[in-house]
Amino acid sequence: MSTSTGAARTSRPRTSRAQTPRRSDAWQRRLPLLPALIFTIIATQIPFLITIWYSLRSWNLLNPASDVFVGLSNYIEIFADRTFRQVAMNSVIYTLGCVLIAMVLGILFALLLDRKFLGRVVVRTLLITPFLIMPVAAATLWSTSMFNPTYGLVNWVLGIFGIPAVDWTSSHPVISILIALVWQWTPFMMLLILAGLQSQPKDVLEAAQMDGATALQTFFFITLPHLRRYIELSVLLGAIYVVNTFDQIYLMTAGGPGTSSANLPYYIYQRAFLGFDIGQAAAMGVVVVIATIIIANFALRLIFKGFMSTEQN
């Protein structure tokens, strides 16, 4: 009994000594990342905390005496605001519509570019070009050259078939902005899906062809499951970027007519820099950030589960 107790006592210090170098090594590996962590906290978290503080106050720049603490009143007012609900729905329409349509087109173009044909390099360059154009230039291109009611290219094409000219940005502002967003983000989806197609094992496709599988069966039962992680990543990244759209709305419709085509970032801009209502604008910003974090975390968990299940298989 005494021998076993003495052995246990002698073994404990050895375990703690073995763990101490491991912990020190872990901190040594993390130490180079400390400056980046500090910079990230200063650049993101401190401004966010200041925004939360402003969201709890009623502060209008035109009336300096209105800077008083009001608690959650700003949040209650924005959720009761019908315009806020409208622009929130517009944000959902822009994000989901752009991501889903661009994803479908991206898959089709990626399947096209995955095949060998004459002029594939030229076609690939032309398809990637919209993503390389600055959003301001793309919005100006669509508002002046494509959707202009007098000399726009879209109305010229419709006139060939006898369809009268349409003032797209005034009559159909949401559709006009959505078309411009899909045009710009389809190449992004296409590149990610193309990377997934080129990483697919060729022997699996050859085996399916030897077994008599048709092209549609091969795509739906072999290629599409392989592209799942790439599709999920494309949807996540595309949604994070599209939900912050500002340039197209500002230059194509200015949120109009009225606020019918505005989204949350543009409405926050209107309340802060046109209405000078800092308190409610900050409250809207906090709501948008929290909603984006929740959706992004949910999507990331789904993606990580997909990666883990694939690795286990």
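Position 1 is the first residue of the sequence, and the numbers go up from there.
- In the displayed structure, F273 atom CZ is contacted under 6.0 Å by at most 12 heavy atoms of other residues, nucleotides or ligands.
- Counting non-hydrogen atoms of other residues, nucleotides and ligands closer than 6.0 Å to CZ of F48 gives a total above 12.
- Pairing each heavy atom of I193 with each of A110, the nearest pair is CG2-CB, 3.7 Å.
- A continuous path of hydrophobic side-chain contacts links I101 to L191 [ILVMFWY only; heavy atoms under 4.5 Å].
- Under a hydrophobic-cluster definition in which Ile, Leu, Val, Met, Phe, Trp and Tyr are linked whenever side-chain heavy atoms come within less than 4.5 Å, directly or via other members, L100 and L111 are assigned to different clusters.
- For the pair F219/I107, a side-chain contact is recorded, criterion being any heavy-atom separation below 4.5 Å from C-beta on.
- Counting non-hydrogen atoms of other residues, nucleotides and ligands closer than 6.0 Å to CG of L274 gives a total above 12.
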Determine whether Q248 and L181 satisfy the following criterion, side chain to side chain contact (heavy atoms under 4.5 Å, CB included), listing intermediate values before the conclusion.
CA-CA 8 Å; Q248 285 82 358; L181 290 174; 3.8 Å; yes
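- Surrounding OH of Y250 are at most 12 heavy atoms belonging to other residues, nucleotides or ligands under 6.0 Å away.
- Side-chain N or O atoms of H226 include one that pairs as donor or acceptor with a backbone N or O of G196 at under 3.5 Å.
- Contact annotation: the side chain of V123 never approaches that of F109 to less than 4.5 Å [non-hydrogen atoms, C-beta and beyond].
- Counting only distance, with no hydrogens or angles, the side chain of T214 and the backbone of Q217 share a donor-acceptor pair below 3.5 Å.
- Checked against the 6.0 Å centroid criterion, the rings of W185 and Y241 qualify as a close aromatic pair.
- With rounding to the nearest 0.5 Å, the separation of CZ in F84 from CE in M89 is 11.5 Å.
- Between the side chains of Q209 and T218, no donor N or O sits under 3.5 Å from an acceptor N or O.
- In the hydrophobic clustering, V70 connects to V68, either directly or through intervening members, whenever side-chain heavy atoms lie under 4.5 Å apart.
- Considering only heavy atoms from C-beta on, M252 comes within 4.5 Å of F147 through its side chain.
- L233 CG to L192 CG: the interatomic distance, rounded to the nearest 0.5 Å, is 6.0 Å.
- Minimum heavy-atom separation, M103 to S234: CE-CB, 3.2 Å.
- At a threshold of 4.5 Å between non-hydrogen side-chain atoms, the residues L205 and T223 count as touching.
- In plain terms, the two heavy atoms of M190 and I128 that are nearest each other are CE-CG1, 3.8 Å.
- Taken to the nearest 0.5 Å, the OG1 atom of T44 stands 7.5 Å off from the CD1 atom of I41.
- A heavy-atom distance below 4.5 Å is not found between the side chains of V87 and N263.
- Checking side-chain atoms of T245 against main-chain N and O of V242 turns up a donor-acceptor pair under 3.5 Å.
- At a threshold of 4.5 Å between non-hydrogen side-chain atoms, the residues S55 and Y75 count as touching.
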Step-by-step side chain to side chain contact (heavy atoms under 4.5 Å, CB included) determination, L251 to V136:
CA-CA 7 Å; L251 292 173; V136 174; 3.5 Å; yes
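- R120 has its side chain out of reach of R115: every pair of non-hydrogen atoms, C-beta onward, lies at least 4.5 Å apart.
- N60 and L62 get closest at one heavy-atom pair: OD1-N, 2.9 Å.
- Evaluation of the side chain to side chain donor-acceptor pair (under 3.5 Å) test over residues 77-95, restricted to residues two or more places apart or in two chains, returns E77-Q280, D81-Y267.
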When you look at Y54 and I50, which way does the side chain to side chain contact (heavy atoms under 4.5 Å, CB included) test go after all the steps?
CA-CA 6 Å; Y54 283 141; I50 296 175; 3.5 Å; yes
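- Remark: I133 CD1 to T140 OG1 distance equals 11.0 Å, nearest 0.5 Å.
- In terms of hydrophobic clustering, with Ile, Leu, Val, Met, Phe, Trp and Tyr side chains grouped at heavy-atom distances under 4.5 Å, V99 and I295 are assigned to different clusters.
- Transitive grouping of hydrophobic side chains (ILVMFWY, heavy atoms separated by less than 4.5 Å) keeps M134 and W183 in distinct clusters.
- Counting only heavy atoms from C-beta outward, the side chains of F79 and V287 approach each other to under 4.5 Å.
- When hydrophobic clusters are built by joining Ile, Leu, Val, Met, Phe, Trp and Tyr residues whose side-chain heavy atoms come closer than 4.5 Å, directly or via intermediates, I231 is grouped together with F188.
- Counted within 6.0 Å of CZ on F117, heavy atoms from surrounding residues, nucleotides or ligands total more than 12; the atom is thus considered enclosed.
- For R124 against L113, the heavy-atom pair with the smallest separation is NH2-O, 3.8 Å.
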Determine, step by step, whether L178 and C98 satisfy the side chain to side chain contact (heavy atoms under 4.5 Å, CB included) criterion, reporting the C-alpha distance in whole Å, the side-chain angles of both residues, the deciding distance to 0.1 Å, and the verdict.
CA-CA 6 Å; L178 188 59; C98 174; 4.0 Å; yes
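- A donor atom on one side chain and an acceptor atom on the other are not found under 3.5 Å apart for Y266 and S261.
- With salt bridges taken as basic N to acidic carboxylate O contacts below 4.0 Å, none links K202 and E206.
- Taking CG of L216 as the reference point, atom CG of L224 lies at 11.5 Å (rounded to 0.5 Å).
- Side-chain atoms of N155 and W168 include a donor-acceptor pair closer than 3.5 Å.
- Atom-to-atom distance recorded for H172:NE2 and I179:CD1 is 9.5 Å, nearest 0.5 angstrom.
- Annotation for I222 and Q200: closest pair CG2-NE2, 3.5 Å, computed over non-hydrogen atoms.
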